[in-house]
There are 2 protein chains.
Amino acid sequence: MDKFELKRQAYTAKIAEYVLHHGISGASLRKMADAAATSDRMLMHYFKDKSDIETRVLTAISEELMDLLNENLALRLGFRDFLLFIREAIKDQRIKPYLNLWFEVTHLATGNKEPYVTVMQEIGKSFEQWIDRVYAPAPDENGPQLAALLFVITEGLVVLDRIEMQDRMVRAIDGMIGLYDQAKGIRG
Amino acid sequence: MDKFELKRQAYTAKIAEYVLHHGISGASLRKMADAAATSDRMLMHYFKDKSDIETRVLTAISEELMDLLNENLALRLGFRDFLLFIREAIKDQRIKPYLNLWFEVTHLATGNKEPYVTVMQEIGKSFEQWIDRVYAPAPDENGPQLAALLFVITEGLVVLDRIEMQDRMVRAIDGMIGLYDQAKGIRG
DNA sequence: CGCTTTATGTAGCAGATGCTACATTTTAAT
DNA sequence: ATTAAAATGTAGCATCTGCTACATAAAGCG
């Protein structure tokens, strides 16, 4: 591998670490440079411009998130257990920074400004694929529909968690499980 | 009413209009001043500082949203119809700017920075109350639980809409309605 | 009318931001 | 060793940021 490319990746990784915990909208060249233990001048040497840095950093972060999600590849859960699992995962301090950043990028994507749109959709799709892999539909269930429902509920729970409505999260999940159990009772 | 106060409210209204459609993080004093057809100097005369402007503007906007939501006070919907209603409401171009702004504020609230935290929670609660008012639980339903579930699903749908996954929105709603109908089928 | 308070204009400061020009050192290739 | 190329340092520019000092104009009030 190119020496230049290696160094660029090293910088990218350090900046990604910073951005993940401090957000991207306030990340100026000088702050990024500090985080990477270098100067803004050097960043301009290794990257085309600021937007180039952002693209590479966000891409790196979204790949990290994919790896994180794919950690438990063996995990396979039914609808009910998936909900309970998600409720815990949202609290996971390793995952939260990614959710925060995704929030930010999702907002920045308003107005179709790149690279935010692309990154946002990539993360969205990764997440969806992860659900498809983990959620194991029962034979009588409409898998695609319930997977989409789990996606929606997960996103909703993330929002509720952010606005400090943890009690409603619990209530909503209980409501969902109640309906699910009731539906299953039909052909029990 | 005080003349000073009147003028301040006029400025607040004009800035609110701007912020609603352009976001708040990029709204500098000079841009706000342009939007209000005045100078930054004048803004500092009528407001304490920038944070004072933001607080008043965001408060005004969240009250606007409440009015918007309360437009159809007579509306009362069952679980099923509520879902269908929400699916349409999210597309409503009058409502979208508020959802966008709420997204932004929700992110800005990370780190407990005022006035964002307060505004965010106020809007969240207004929205919840609105659901409580519109959603009419059937006699055999656990109202609070299903209301919370509708809240979560609504928020989730908003996110999906933002990341251009409208097809999954439809699928998720179909899934939810399917489960609901199935659950209801028990006691027909 | 005179006088005090209020409203508005003009300039600018001090810091941050993205980026660049210019110079120098270090490394690599012949 | 010579020389071309790559890496790094130092300064700074132009713009934007929140905010202020200092002035003048206008409006209200006796």
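Chain naming here is simple, since letters A, B, ... match the order of the sequence lines and numbering starts at 1 in each.
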- Query: Can A:E71 and A:R94 be counted as an ion pair, charged N to O under 4.0 angstrom?
  - Reply: yes
- Note on the structure: With sequence neighbours left out, the residues meeting ring pair (Phe, Tyr, Trp, His ring centres under 6.0 Å) with A:Y18 are A:H22
- Task: Starting at atom CE of B:M42, determine the distance to atom P of D:dA25, rounded to an integer number of angstrom.
- Result: 15 Å
- Query: Has A:R162 got its NZ or CZ under 6.0 Å from the middle of the six-membered ring of A:F103, at an angle within 45 degrees of the ring axis?
  - Reply: yes
- Message: I need the CZ-C1' distance between A:F4 and D:dA7, as an integer number of Å.
- Response: 10 Å
- Separation of C:dC22 P from A:H45 NE2 (nearest whole Å): 18 Å
- Which part of the nucleic acid, if any, lies within contact of A:Y46, taking any heavy atom under 4.0 Å across all strands shown: a base, the sugar-phosphate backbone alone, or nothing? sugar-phosphate
- Note on the structure: Whole-Å distance, A:D52 CG to C:dG18 C1', equals 14 Å
- Query: Between A:R171 and B:N142, is any side-chain donor less than 3.5 angstrom from a side-chain acceptor?
  - Reply: no
- Separation of C:dT6 atom P from B:E5 atom CD, nearest Å, is 15 Å
- Task: Check B:K50, B:K48, B:R56 against B:D52 for a side chain to side chain donor-acceptor pair (under 3.5 Å) and give me the one that passes.
- Result: B:R56
- Any side-chain donor paired with an acceptor under 3.5 Å for B:Y116 and B:E54? yes
- Base-contact (B) and sugar-phosphate-only (S) positions in nucleotides 17-23 of chain D, heavy-atom cut-off under 4.0 Å, - elsewhere: BBBBBB-
- Length of the CE-P vector between A:M32 and C:dG18, whole Å: 8 Å
- Query: Rounded to whole angstroms, how far apart are CG on B:D34 and P on D:dC16?
  - Reply: 12 Å
- Message: Expressed as a whole number of angstroms, how long is the span from B:K3:NZ to D:dA26:P?
- Response: 14 Å
